**Student:** 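The structure under discussion is supplied below as structure tokens; questions concerning it will follow.
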Protein chains: 4
Amino acid sequence: MSVEEATGQPRPGRPRSEQSRSAVVRATSELLHEIGLRAMTTEQIATRSGASKATIYKWWPNKYAVAVDAFFSELQADSPDPDTGSARQDFTIWLRRLCHFYAGPSGAVFAQLVGEAQFDPEVATELRDGLVRSRRAVLETIWDRGVARGELRADVDRDVAIDLIIGPALYRLMTGRGGLDDAAADAMADTVIRGLSA
Amino acid sequence: MSVEEATGQPRPGRPRSEQSRSAVVRATSELLHEIGLRAMTTEQIATRSGASKATIYKWWPNKYAVAVDAFFSELQADSPDPDTGSARQDFTIWLRRLCHFYAGPSGAVFAQLVGEAQFDPEVATELRDGLVRSRRAVLETIWDRGVARGELRADVDRDVAIDLIIGPALYRLMTGRGGLDDAAADAMADTVIRGLSA
Amino acid sequence: MSVEEATGQPRPGRPRSEQSRSAVVRATSELLHEIGLRAMTTEQIATRSGASKATIYKWWPNKYAVAVDAFFSELQADSPDPDTGSARQDFTIWLRRLCHFYAGPSGAVFAQLVGEAQFDPEVATELRDGLVRSRRAVLETIWDRGVARGELRADVDRDVAIDLIIGPALYRLMTGRGGLDDAAADAMADTVIRGLSA
Amino acid sequence: MSVEEATGQPRPGRPRSEQSRSAVVRATSELLHEIGLRAMTTEQIATRSGASKATIYKWWPNKYAVAVDAFFSELQADSPDPDTGSARQDFTIWLRRLCHFYAGPSGAVFAQLVGEAQFDPEVATELRDGLVRSRRAVLETIWDRGVARGELRADVDRDVAIDLIIGPALYRLMTGRGGLDDAAADAMADTVIRGLSA
DNA sequence: CAATAATCGAGACGGTACGTCTTGTCTTGGC
DNA sequence: GCCAAGACAAGACGTACCGTCTCGATTATTG
């Protein structure tokens, strides 16, 4: 957090152009869907956004960091807690949404970012901090409620439980085998929850 | 498959140098572990192996194909079927081995290959054909035995069941969160199998 | 020439800061000697002088114009007319001074400015107006005195005569071959003046 | 001089493409005359010649080195020795040719190269070695003949004499004041030679 | 004594050239 | 026909500098 944000006091000099920032992010979003993370070049982002390469490199270390930002910027209202009163219901609804997301246009982008994270620790960190963590938080809440209600097994490690729910869907995404429709989500949820239920 | 392989008839001219081939594969293996898939260049493979770039490009389409070959070449005796008489046992042993593999030095290489597969359909295909398929075959056998024995639920889709076993481990590998030791493998196996058991 | 300078009437608003102007010129002088005309950046001038780039660009079109100003500012009382009564003496003394200047620290700066003038007509103009012209004026005076006195040939074009005196020294400077000490100056002066004498 | 040139033994690997080399030099020549040394970019040379930037940077350190090569390549049969029997004649003819060269299209290119040499010692060296030296050699021959013949003063330093002949013309070129036609050349030659004659 | 107007330092910005790097192809002579 | 060596075209990379701009702050004259 910069001094400015902390104190509300403007720093000297011309302030950063919000227009430029958002144009870069928007252009990157488009390019991610059109040609993908790897084929997209910094030059293209610059041309399409109207920003200069220097400006992009001033605020982001490379195109992958821009892509992470762009990816997050289009994830509004990210998978809220269903809270239906039944953990089984909650998990099922949540997993349907996840599979829907994976199967949609952003799914490929997400898969590419996870792929890139294998080579770039910074992408890995940002992805984990910005996305994985917030998703897991919802699942943790659902889990804790279920355990408190006596609906779920208290003797299963919470992290294990969550990995069992997310893992299979991610596996299907990353191996590109499909099987991410509602029926598949329900099948996976059903079986896992049976193992998790008290 | 080449004409030679099909007919057994030698083609005219100097035959392909096996020494050159294996040197390339070995050099690539080393580089994969030392600097990773992305940082490794075709030039480096050529220099280290003593082969020329032209030779490499003659036999492989690009460095990723070489990497896939190199990766497979070091996977000897890949996860055989434990066949203990208990599907629960078999799955647990098998998952331990998988986690051990993921946690070992080849795990990172595998993760990078899966990462690269998000950008390169050929890598995805080769990886699926060469590794994923053979692994799943073992699990399918275990599953079928368990179902036949009445140990496992016949009403669960086999593919779903297998994804539930592999998925969580791969999820941990790809998000780099660790948790791939024996205890973790056992915990995951236990919980999943409970959901899969009759 | 600004309105203020023309009319003596102060314009409204904050007047130009003399401190800022001289700091820029001084910083530029230092940089010219330390790293040279080409390596010096506008940013460096701004940082070292405490002025902002905007201020520099407000008063000068580019760094070369600043350099010309800075170069002139350190040329105080440049080569006065010796007027010894002998044109031969006058020319010899004058050429000694010129060579001394070329051989000194400002010589390299001057050479770079002449070099830059080959690319930038404005630099060429400013250099010619500010320096070359004033120097030639002194030589013209010496020449005219010598001709009037019957010491020098009246049938030689004055411009040719002056070029013969300055040219060889500049040639040595621009080709970086040295030979700019007093003895060399005397040798050049001697021979040329012999050609110019009646 | 490379090993190959010295021994006549071909080195391993694909030999340097003469076509590529000459295309680069030719394109550079054109660009030098069309837009000048400074405005010309490496990219333009690459585009126009059909070579890649990498190739250019492999064989030349930067565009200035290419420019020097290109400049030399168009100087065929550079100012031969007139050898008329009279040193006065020889010098006059030679200086006419030099002024003609300076006043022609290559003159501006040469001036820019000399200008650039003020910033880049390598350009200075190459220019001196490739051009200045060969020109001076001719003048030295003329001078020596004149002295042997008793036509020229033996007590004048040869280098000084040569600088007196070349210097004024270069001065006119570098200050852009014109005066490089035949009449001007003759006037300069006449006066200087008078100073140099026995 | 406020209002006006031009200055100033700081620094972000679009543009553009630079020189490096990697990829995949091509061209030698030797085996 | 295969191979090592290495030159080549293509083109993305990240850096540097240029000259312009937008801030808030400052400092004069003018009403």
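All values below were derived from every heavy atom in this structure, side-chain atoms included, with hydrogens, water molecules and symmetry-related copies excluded. Remember, it's a predicted structure, so these values are computed and weren't measured experimentally.
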**Student:** Looking at every strand, decide which applies to C:K58 at a 4.0 Å heavy-atom threshold: base, sugar-phosphate, or nothing.
**Tutor:** sugar-phosphate
**Student:** Given E:dT7, is OP1 or OP2 found less than 4.0 Å from the side-chain N or O atoms of C:S20?
**Tutor:** no
**Student:** Is the distance from OP1 or OP2 of F:dA7 to the nearest side-chain N or O of D:T55 less than 4.0 Å?
**Tutor:** no
**Student:** So what does C:A54 touch, heavy atoms closer than 4.0 Å: a base, only the sugar-phosphate, or nothing?
**Tutor:** base
**Student:** Please determine if a side-chain N or O atom of C:T42 lies less than 4.0 Å away from the OP1 or OP2 oxygen of F:dC17.
**Tutor:** no
**Student:** Can a side chain N or O of C:Y57 be found less than 4.0 Å away from OP1 or OP2 on F:dT20?
**Tutor:** no
**Student:** Does C:S17 have a side-chain nitrogen or oxygen under 4.0 Å from the phosphate oxygens OP1 or OP2 of F:dT27?
**Tutor:** no
**Student:** Taking only side-chain nitrogens and oxygens of B:W59, does any of them come within less than 4.0 Å of OP1 or OP2 of F:dC3?
**Tutor:** yes
**Student:** Counting only heavy atoms not in D:E34 (residues, nucleotides, ligands), do more than 12 fall under 6.0 Å from its CD?
**Tutor:** yes
**Student:** Please determine whether a side-chain nitrogen of the Lys or Arg among D:E43 and D:K63 lies less than 4.0 Å from a carboxylate oxygen of the Asp or Glu.
**Tutor:** no
**Student:** By nearest heavy atom, map C:P61 and D:E18 onto DNA chain F; which one lands nearer the 5' end?
**Tutor:** D:E18
**Student:** To the nearest Å, give me how far apart CG (A:L37) and P (F:dC13) are.
**Tutor:** 11 Å
**Student:** Kindly say if D:K53 contacts the phosphate of F:dA9, meaning a side-chain N or O under 4.0 Å from OP1 or OP2.
**Tutor:** no
**Student:** Just wondering, do A:I35 and A:Q44 contact through their side chains at under 4.5 Å, heavy atoms?
**Tutor:** yes
**Student:** Any donor-acceptor pair under 3.5 Å joining the side chain of A:R14 to the base of E:dC13?
**Tutor:** no
**Student:** Looking at B:W59, I'd like to know if the NZ or CZ of B:R21 sits under 6.0 Å from its six-membered ring centre while staying within 45 degrees of the ring's axis.
**Tutor:** no
**Student:** Need to verify one output field. Residue with the more 5' nearest nucleotide on DNA chain F, A:N62 or D:E43?
**Tutor:** D:E43
